[in-house]
Amino acid sequence: MANKEVIVRFPPSPTGYLHIGGARTAIFNWLYARKHNGKFILRIEDTDAERSTAESIEGIIDGLTWLGLDWDEGPYFQSEFAEEHKMVAQRLLDEGKAYKCFCTKEELEAKRKKALSEKRDIKYDGTCRNLSPEEIAQKENEGIPYVVRFKVPKREGKIGYDDKVLGRIEKSYSDIEDFVIVRSNGKPLYILCNVVDDIRDRITHIIRGQDHMTNTIKQILLYEALGKKPPVFAHMPLTLDLQKRKISKRTHGEVVSVQWYREMGFIPWALVNFLVLLGWNPGTDQEIFTKEELIQAFSIERINKSNSVFNYRKGDPKFFTDPKAISINAWWLRHLPIEEIASMIKDDFIKEGIWDDAYEGEKREWFLHTLDLIRSRFHTLRDFARLGRAYFADDFEIDPKALKKNVLKHPELKELLPELANALENVDPWDLETTEDALRGFCEDKGIKAGLVINGLRTVVTGQLKGPGIFDVMVAIGKERVIKRLKESVSLFK
RNA sequence: GUCCCCGUCGUCUAGCCCGGUCCAGGACACCGGCCUUUCACGCCGGCAACAGGGGUUCAAAUCCCCUCGGGGACGCCA
């Protein structure tokens, strides 16, 4: 039994930040490699020098690292192999498998327009395919620039391959145009470089978007011309928006950028978990996966054929991205060990000015307990430092709606709350039981409903309309702070 | 226009290959209820789909054909 080695790659072009569509492609490749104990190679396809940027390279690497998609080789840079690409192009030329084309961009553009207006096919017409050696020499002597085109074999019938997700894909030779493999400035194009690199890297499986399907047929021709066996191809469905347009940074903005999810307080694995479900499922009802479970469950065969829609409504105040993504994030937020959540929110706490080194020292137990107490109401990591600020700092804002409903609507609280503060002064120890006894006793003495005081207390102490059980809140926030906030509540009544 | 791919609830999807167990299952969202003197979590319940039309068959979401719809590619971008 030959041990079937698996080598896959993720080849982003560094022309923008890591996009969730690109991340999804990376995830599928990475999973496939991990599942089969193979290799995952990162290769930056920077042949388009004008559009490639260093920031973009950094952004892509950051994004992949944040998501936890580790690679085994690379990052390689396609530009470093430019000589090899040129040599291969020359070889194709020498072997008569490619030819020089002297048609100008303008001529080609005019032909395309004409064909389109006459409702004809707009393939290259092969003008330069049969130039004689003399004609070629003459044009070269005249210094006319040329591109190199691949000479698609004139054969009857079809060429095809077995796509791992789509099944048998075929195309007639006559439907394939003689495509350009080298620019007039001498630089080989993606379609060729990609094949050369994949051969050198011994790539066994190419998992990429369906938008590459026409390239695939051409690249198979290239493999054949180079005498190499093509790898296995699997074309995954695309991710579209609600209007069924391909999602892009340009039209959709930051909501498609991986970086943005980090800023919005996503747990990286939750994003992976969400993204993998777009176009793939395990065949069971399971939707939440740990890394190990996902690697175990993943298979190319279960990748869908049809495109999926990224359910994002611009401007929806409740859902800043696909609701399912948020719900998966919220799930992980309340199920991950609280220690992990703690380390994930540290930077944000520092940024918000509410970090205390004691949270990693003598206050650690209190810190973890408090995070655990409040997390079930949150959707993102950011919520801890925003909605939960009152647990960690005294300069928190009071939600106007909560203030109105739970406090201002009940003028009697202006007196009651400070009185409650006094009543609480003597509570010792300060725990769930003693605080509850004190509060209920206070309400009984005053002959008022506990709910009135509880709700007012919650708002004054946490700034929120909702939250954990009030006695848990009192214990978490601490006697001193509770009393202080109750006393200061007088100023809320203006 | 040409070529290629796809078409199950609002969205992600199971089922389709190997017809009956599917008056179509799960998840998210939404709506109700329980729990909670709040809210969330949790639990229970509800709403909601086989694009259309023909065929084949005792029987079709599942097989065949057509129509319609959607997407992709058609760059000296990747």
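Throughout, protein chains are lettered first and strands after them, A, B, ... in sequence-line order, and every chain is numbered starting at 1. Reckoned from all heavy atoms, side chains included, excluding hydrogens, waters and symmetry mates.
- Using Watson-Crick or G-U wobble geometry with both donor-acceptor distances under 3.5 Å, G10(B) finds its partner in C28(B).
- When rounded to the nearest whole Å, the span between CG of Asp241(A) and P of U11(B) equals 12 Å.
- When each of U13(B), G26(B), C76(B) is scored by its nearest atom to the side-chain atoms of Ser308(A), the top-ranked nucleotide is U13(B).
- Under the side chain to side chain contact (heavy atoms under 4.5 Å, CB included) criterion, Pro337(A) pairs with Glu339(A), Glu340(A), sequence neighbours left out.
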How would you summarise protein contacts on nucleotides 1-8 of chain B per nucleotide, using B for base, S for sugar-phosphate only and - for none, with heavy-atom distances below 4.0 Å? BSSSSSS-
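- Closest approach to the Arg377(A) side chain among A78(B), G25(B), C39(B) is made by C39(B) (side chain taken as heavy atoms from C-beta onward).
- With ring centers used as reference points, Trp280(A) lies under 6.0 Å from Phe298(A).
- Among the heavy atoms of the strands lying under 4.0 Å from Phe319(A) are primed sugar atoms or P, OP1, OP2 only; no base atom is included.
- Within 3.5 Å, no donor on the side chain of Asn311(A) pairs with an acceptor on the base of A29(B), nor the reverse.
- Residue-level contact check: Cys103(A) touches the bases, meaning some heavy atom is under 4.0 Å from a base atom.
- The heavy-atom pair separating His85(A) from Gln78(A) by the smallest distance is CE1-O, 3.4 Å.
- If you check distances only, the side chain of Arg334(A) never reaches the base of C41(B) with a donor-acceptor pair under 3.5 Å.
- As a whole-Å value, the separation of Arg313(A) CZ from C28(B) C1' is 12 Å.
- Pairs of residues two or more places apart, or lying in two chains, that qualify as salt bridge (charged side-chain N to carboxylate O under 4.0 Å, His left out) and include a residue from residues 102-113 of chain A are Glu109(A)-Arg112(A), Lys111(A)-Asp125(A).
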N/O donor to acceptor pairs below 3.5 angstrom from side-chain atoms of residues 306-315 of chain A, sequence neighbours left out:
{"residue": "Asn307(A)", "atom": "OD1", "partner": "Leu238(A)", "partner atom": "N", "Å": "2.8"}

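- Taking the C1' atoms as reference points, C4(B) lies 39 Å from C47(B), given to the whole Å.
- Shown here are the side chain to side chain contact (heavy atoms under 4.5 Å, CB included) partners of Phe77(A), two or more places apart in sequence or in another chain: Ile44(A), Asp46(A), Ile57(A), Pro75(A), Ser79(A), Glu80(A).
- Between the base of C76(B) and the side chain of Ser184(A) there is a donor-acceptor pair shorter than 3.5 Å.
- Checked for salt-bridge contact, Glu397(A) and Arg389(A) miss the test: no charged N lies under 4.0 Å from a carboxylate O.
- Using a 4.0 Å cut-off between charged side-chain N and carboxylate O, Arg9(A) and Asp201(A) make no salt bridge.
- In this structure, C3(B) forms a base pair with G72(B), meeting either the Watson-Crick or the G-U wobble geometry with both donor-acceptor distances under 3.5 Å.
- When both distances must be under 3.5 Å, the Watson-Crick or G-U wobble mate of C34(B) is G42(B).
- For Ser13(A) and A78(B), a side-chain-to-base donor-acceptor distance below 3.5 Å is absent, hydrogens and geometry of angles not being considered.
- Side chains of Val258(A) and His19(A) form no contact here, defined as non-hydrogen atoms less than 4.5 Å apart.
- For U57(B), there is no paired nucleotide, since no Watson-Crick or G-U wobble pair has both relevant distances below 3.5 Å.
- With hydrogens and angles ignored, a donor-acceptor pair closer than 3.5 Å exists between the side chain of Lys324(A) and the base of A27(B).
- Within the 4.0 angstrom heavy-atom criterion, base atoms lie near Lys105(A).
- Under the stacking definition used here (centres under 5.5 Å, planes under 30°), the residue His212(A) fails to qualify as stacked on the base of G72(B).
- Looking at Glu84(A) and Lys86(A), no side-chain N of the basic residue comes within less than 4.0 Å of a carboxylate O on the acidic one, giving no salt bridge.
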Counting primed atoms, P, OP1 and OP2 as sugar-phosphate and everything else as base, the B/S/- map of nucleotides 63-68 of chain B against protein heavy atoms under 4.0 Å is ------
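- Within 4.0 Å (heavy atoms only), Ile454(A) reaches at least one base atom of the nucleic acid.
- U21(B) is unpaired under the Watson-Crick or G-U wobble criterion, no partner having all donor-acceptor distances under 3.5 Å.
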